[in-house]
Amino acid sequence: MPEQKRDFYEVLGVAKGASDEEIKKAYRKLAKKYHPDLNPGDKTAEAHFKEVNEAYEVLSDKDKRAKYDQFGHAGVDPNFGAGGYGGGFGGFTDMGDIDLGDIFGSFFGGGFGGGGSRRNGPAKGDTLRTSVTISFEEAAFGCEKEISVARSETCDVCKGSGCAPGTTADTCPDCHGSGVIRIQRGNGAFSFSTTAQCPKCNGTGKIIHSPCKTCNGAGTVRKNRKITIKIPAGIDDGQAISLRGQGGAGKNGGPAGDLIISVRVRPHPQFKRDGNAVYLEQPVTFLQATLGAELEIPTIDGKVKWNLPEGTQPGTTFRLRGKGIPNVNGRGRGDQFVTVDVQVPRNLSHEQKEALRAYGRAMGELPEEEEDGVKGFIDRFKKKK
């Protein structure tokens, strides 16, 4: 049989609900006490030192600690309880909703760890999701928004116990507080045991005789909260912000869940965005494109002056450096690209059309205008001779 491991909290001498700082302090004290350099040749001290390091490695990691709190050593050590069976499952993986207590109970007769998996251990609260819509400029430069979230919170009256003030819950006599019961199946050599939720306490491990009237014994209540969130500069449409601890209340002393906020950015009437670059189509007149002009170009920072060169062709694109979207990590900005859109004049007056015809003749695009009347007829007749 494998060597029985001590509880990691016991190894470090801290309570199960100890803070990260308390765990770190306890580890430093014990690591110094049992360090091999201070205890040369002492095998007992060396064993303690390894045990302390193993405990700290698990309890200092939030994910590992959560698995350890829920599944015990089986959650962080794939070989735990697998002695004599070729190393058990060969490695711990996240099995989602599969009950490790059922698996180990089936293979080892339900005898590991003194009672199997505890379903009433600390559990993280629900992850909540919502969305917020902001303007193009707010996405570019960041902003603060107030959102409304409906979430479960720890009951203020019973402090999460589910019991009426002045009363306490009793440990469930059927599952002895584990929240699960062991069920023997089959007969003789084909018998095996599995675990199931305790029907007496519904998996809570406790019996509440006087439920809290505010939460009806649930330990949590539903509340609508206003939360102010900071949206970073440079965030793009479809990206999300995660707020730790702003989700649903944890269970049995577990941490609160997270709140994930999807960001929606309203389209801008002028600007288009691609990554950190901003694109703009700038209308100019035929005269401006031909002779050049000083233009006022819209940017997300306001208008800037730009000298349009003579003879600029339709579709020409020029760059305004540093006038794009700030990087979401706070380092630098993108550029703005401006494409020239030459506007063709409409509804010209007679005088304006004549002026354009004169330009066409000067450029050789139109033939010289023939003179009207008798003189014109005579000149044409002479040319024929």
Side-chain angles (χ1 to χ4, degrees), residues 7 9 15-17 63 65-75 81 94-129 149-186 191-224 245 247-259:
D7 178 78
Y9 291 99
K16 192 170 183 179
D63 291 336
R65 184 177 179 181
K67 289 177 180 177
Y68 178 76
D69 287 342
Q70 188 170 4
F71 302 117
H73 292 293
D94 187 358
M95 298 185 180
D97 295 330
I98 296 177
D99 185 354
L100 288 179
D102 290 344
I103 295 174
F104 280 92
S106 299
F107 279 87
F108 308 114
F112 96 91
S117 169
R118 293 176 61 90
R119 296 192 180 186
N120 66 330
K124 188 175 182 179
D126 293 335
T127 296
L128 304 181
R129 297 179 183 275
V149 178
R151 66 186 182 188
S152 61
E153 297 185 1
T154 301
C155 177
D156 293 331
V157 177
C158 67
K159 309 303 180 187
S161 70
C163 301
T167 67
T168 57
D170 292 334
T171 300
C172 177
D174 289 8
C175 66
H176 306 290
S178 68
V180 294
I181 56 173
R182 187 172 293 106
I183 302 173
Q184 192 74 23
R185 302 182 187 276
S191 67
F192 62 95
S193 64
T194 61
T195 58
Q197 178 176 291
C198 177
K200 189 175 185 68
C201 64
N202 294 320
T204 63
K206 58 186 180 180
I207 303 296
I208 299 176
H209 298 289
S210 300
C212 171
K213 293 182 179 179
T214 301
C215 65
N216 295 319
T220 59
V221 292
R222 195 79 172 171
K223 290 186 178 181
N224 289 318
K251 301 174 183 178
N252 300 317
D258 301 333
L259 174 62

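In this text the structure is predicted, and so the values were computed from the model without any measurement.
Every residue meeting the side-chain hydrogen bond (donor to acceptor under 3.5 Å, both in side chains) condition with Asp170, not counting sequence neighbours, appears here in chain and number order: His209. In this structure Ala218 satisfies the side chain to side chain contact (heavy atoms under 4.5 Å, CB included) test together with Thr220, sequence neighbours excluded. With sequence neighbours excluded, the residues forming a side chain to side chain contact (heavy atoms under 4.5 Å, CB included) with Lys200 are Cys172, Pro173, Asp174, Cys198, Ile207, listed by chain and number. Under the rule for a side chain to side chain contact (heavy atoms under 4.5 Å, CB included), Ala66 has no partner lying at least two apart in sequence or in another chain. With sequence neighbours excluded, the residues that form a side-chain hydrogen bond (donor to acceptor under 3.5 Å, both in side chains) with Arg65 are Tyr9. Applying the salt bridge (charged side-chain N to carboxylate O under 4.0 Å, His left out) test to Asp126 and every residue at least two apart in sequence or in another chain returns nothing. Applying the side chain to side chain contact (heavy atoms under 4.5 Å, CB included) criterion to Ser210, with sequence neighbours excluded, gives Ala164, Thr167. Legend: residues meeting side-chain hydrogen bond (donor to acceptor under 3.5 Å, both in side chains) with Asp7, ordered by chain and number and at least two apart, are Tyr68.
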Return a table of donor-acceptor pairs under 3.5 angstrom between the side chains of residues 155-162 and protein atoms on other chains or two or more places apart.
from, atom 1, to, atom 2, distance (Å)
Asp156, OD2, Lys223, NZ, 3.1
Lys159, NZ, Asp156, O, 3.0
Ser161, OG, Cys158, O, 3.0
Ser161, OG, Cys163, N, 3.2

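For the atom pair Ile183 CD1 and Thr195 OG1, the distance stands at 8.0 Å (nearest 0.5 Å).
Taking each heavy atom of His176 and Thr171 in turn, the nearest pair found is C-CG2, 3.5 Å. Closest approach of Asp258 and Gly245 over heavy atoms only: OD1-N, 3.3 Å. A pairwise comparison of heavy atoms in Gly257 and Lys124 identifies CA-CE, 3.9 Å as the closest pair. The nearest pair of heavy atoms linking Asn224 to Ala150 is OD1-CB, 3.1 Å.
Side chains of Cys175 and Val180 form no contact here, defined as non-hydrogen atoms less than 4.5 Å apart.
Remark: side-chain polar atoms of Ser152 are paired, donor with acceptor, to backbone N or O of Ala249 under 3.5 angstrom.
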